Amino acid sequence: MNLRAIWAIYYVEMARTARTVMQSVLSPVISTSLYFVVFGGAIGSRIPEIEGVSYGAFIVPGLIMLMLLMQSTMNASFGIYFPKFVGTVYELLSAPVSYVEIVIGFVGAAATKSIILGIIILATASLFVPIRIEHPFVMVLFLVLTSVSFSLLGFILGIWAKGFEQLQIVPMLIITPLAFLGGTFYSINMLPPFWQTATLFNPVVYLVSGFRWSFYGLADVAVGASLAATALFLAICVAIVAWIFKTGYRLKN
Amino acid sequence: MSTEPIIAVSRLSKTYDTGFKALSNINLEVRPGEIFALLGPNGAGKTTLISIICGIVNPSSGTVTAGGHDIITDFRAARSQIGLVPQELAITPFESVWNTVSFSRGLFGKPRDDAYLETMLKQLSLWDKKDSNLMTLSGGMKRRVMIAKALSHEPRILFLDEPTAGVDVELRREMWDVVRTLQASGVTIILTTHYIEEAELMADRIGVINKGAIILVEEKAELIRKLGRKQLTLHLQKPLDAIPPSLAKHRLELVEDGTVLHYTYDTQGERTGITALLADLGDADIRFRDLETKESSLEDIFVDLVRNG
Ligand SMILES: Nc1ncnc2c1ncn2[C@@H]1O[C@H](COP(=O)(O)OP(=O)(O)OP(=O)(O)O)[C@@H](O)[C@H]1O
Ligand SMILES: [Mg+2]
């Protein structure tokens, strides 16, 4: 293992965040706060409690997930797309680093940012609504698994993307709808039966459900199923990344 | 020379995804400590060859070793010896010179060594810019930063893909000095250039590549000697309308309104034919005011080679 190389990549990526701290941290915090003002305060006050949890508190895990998915994907995709764009990727390819090390560096940094962000949002949320965490260990597990999986997804996206539009289109067109339809703002039990079944094909449902269970012990799907689905998603991303590096897809001619 | 080659390319071919065959059956050995110049017209395959050796492009077939290590099966050992300055300028905006150079060193797995980086940046006249944002540097400075990045991990082998393209005369001289200093410290240097005089000045050996094939590898001095032609120019006292038939066998060229005769001969030939020519000129009663000889440059040789190769 070229640990120094991993550290070098990780460090530069984290430094990039520090430079752009406004957009990396402040903007998600502000948008989350807005969600709370609107959904938690204004609208939420007219929505009855869901299984004993106030609506404002109910949406906290979903909101954190929403931000994690978006930020992990965007951060990691930008991290690897940028060197491709400016041409400095030649250095990564010509350095004595294995693909695993490159991935650990980029994905590790993106996931770290997401986790920090998740914690900041949680802290922000606790200013608005009372929050309890029944299963902190599981909560951290979901936080980490989700951040890593979606950072991997972002990494794949960044390698695949041929332009900045493509880089933005996936989070906009895929992640956002999946997250909104994944039970972020509601329990899927509130849906008509057909949609309850259809939703089960949405991977985000498992993430949100599992994550919410770690807070309030409420789950749309069994926690075991949530964990399994998350692990499966992670495994698929790992497999795609392995394939990308094996073939040099969009990295090497 | 019996020393092991530091770079050994064997039966290397590359066909790009587009179906374009950029390299065909390249065999090449670079000796430790030498400056090897790779010459060839645009699109000849120089960058492709370098990119394969450095791990940026996948070979289609054939093998390459660097310092005795296979570039694929033993890529860590191979790559850690190589520094690359690519043809295209590529820098990370918003990064400082110091940080980008430190990053490169770390990426190559070397422990931090501020003293070394300082010496190197000073050598490249970049020390006073060490905290500058890369975006604020001039083109020539950026190119030097690229060199600094390549040298940051103390490579034994340095690839310079057109290091002096778009660089002013003074800076070019500076770069030549840097290259010589590096060679003196034992670094092997492989460079490409379109400035033939640069190769003539710097290289120990020269390889010429054209349309994806190596057409020649030779010691520079040997190359000039072997392929060198000399031209004898005779300035005539009276202009000629045509070359007299008695001189036809010398294959002369009459130029400048009949006032100048050109005679080209091979320095390697058993005899140059000059004595016979001068005698025949005397017989034909052609007198000259002045005469000079000129040796063909590497540039002439190169143009000849590529045209006929
Ligand atoms: N990624 C690619 N896909 C397809 N063809 C390519 C690719 N890269 C290079 N080529 C082709 O391969 C040939 C060799 O290119 P290369 O860049 O190696 O030439 P070069 O000798 O470095 O030329 P120059 O002096 O202009 O830098 C060219 O015809 C080029 O068009
Ligand atoms: Mg080139």
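None of the values given here were measured: they were computed from a predicted structure. Naming convention: chains lettered A, B, ... in sequence-line order (proteins, then strands); numbering from 1 in each chain. Excluded from the calculations below are hydrogen atoms, water molecules and symmetry mates; all remaining heavy atoms, backbone and side chain alike, are included.
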Query raised in the report: Taking it one step at a time, do I9(A) and L107(B) satisfy side-chain contact (heavy atoms from CB on, under 4.5 Å)?
Result: CA-CA 7 Å; I9(A) 296 172; L107(B) 197 60; 3.8 Å; yes

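Below 4.5 Å, heavy atoms of chain A meet heavy atoms from M146(B), K149(B), all part of residues 141-149 of chain B. Identified by a heavy-atom distance below 4.5 Å to chain B, contributing residues of residues 62-78 of chain A are lacking entirely. Among the residues in residues 89-102 of chain A, those with a non-hydrogen atom closer than 4.5 angstrom to a non-hydrogen atom of chain B are Y90(A), E91(A), L92(A), L93(A), S94(A), A95(A), P96(A), V97(A), S98(A), E101(A).
When heavy atoms are compared at a cutoff of 4.5 Å, Y16(B) approaches chain A solely by way of its side chain, counted from C-beta outward. Proximity to chain B (any heavy atom under 4.5 Å) is shown, for V86(A), by both the backbone and the side chain. If you measure heavy-atom distances from F85(A) to chain B, you find no contacts under 4.5 Å at all. Of the atoms belonging to K14(B), it is side-chain heavy atoms, and not backbone ones, that fall under 4.5 Å from chain A. When heavy atoms are compared at a cutoff of 4.5 Å, S102(B) does not approach chain A at all.
Residue Y249(A) qualifies as enclosed at atom OH: its count of foreign heavy atoms under 6.0 Å is above 12. Enclosure of atom OH in Y11(A) is not indicated, since only 12 or fewer non-hydrogen atoms of other residues, nucleotides or ligands lie within 6.0 angstrom. Within 6.0 Å of CE on M1(A) lie more than 12 heavy atoms contributed by other residues, nucleotides or ligands. The number of heavy-atom neighbours closer than 6.0 Å to CZ of R11(B), taken from other residues, nucleotides and ligands shown, is 12 or below.
Atom CD of residue E95(B) and atom CZ of residue R16(A) lie 10.5 Å apart, to the nearest 0.5 angstrom. The line from OG1 of T88(A) to CG of L89(B) is 12.0 Å long, rounded to the nearest 0.5 Å.
Side-chain atoms of K252(A) come within 3.5 Å of backbone N or O of G55(B) as a donor-acceptor pair.
Between chain A and the options N58(B), I71(B), I91(B), heavy-atom pairs under 4.5 Å are most frequent for N58(B). The residue among P111(B), A77(B), S51(B), C54(B) with the most heavy atom pairs within less than 4.5 Å of chain A is P111(B). Considering only heavy-atom pairs separated by less than 4.5 Å from chain A, the leading option among I53(B), T92(B), N99(B) is T92(B).
T17(A) meets the side chain to side chain donor-acceptor pair (under 3.5 Å) test with K113(A); sequence neighbours excluded.
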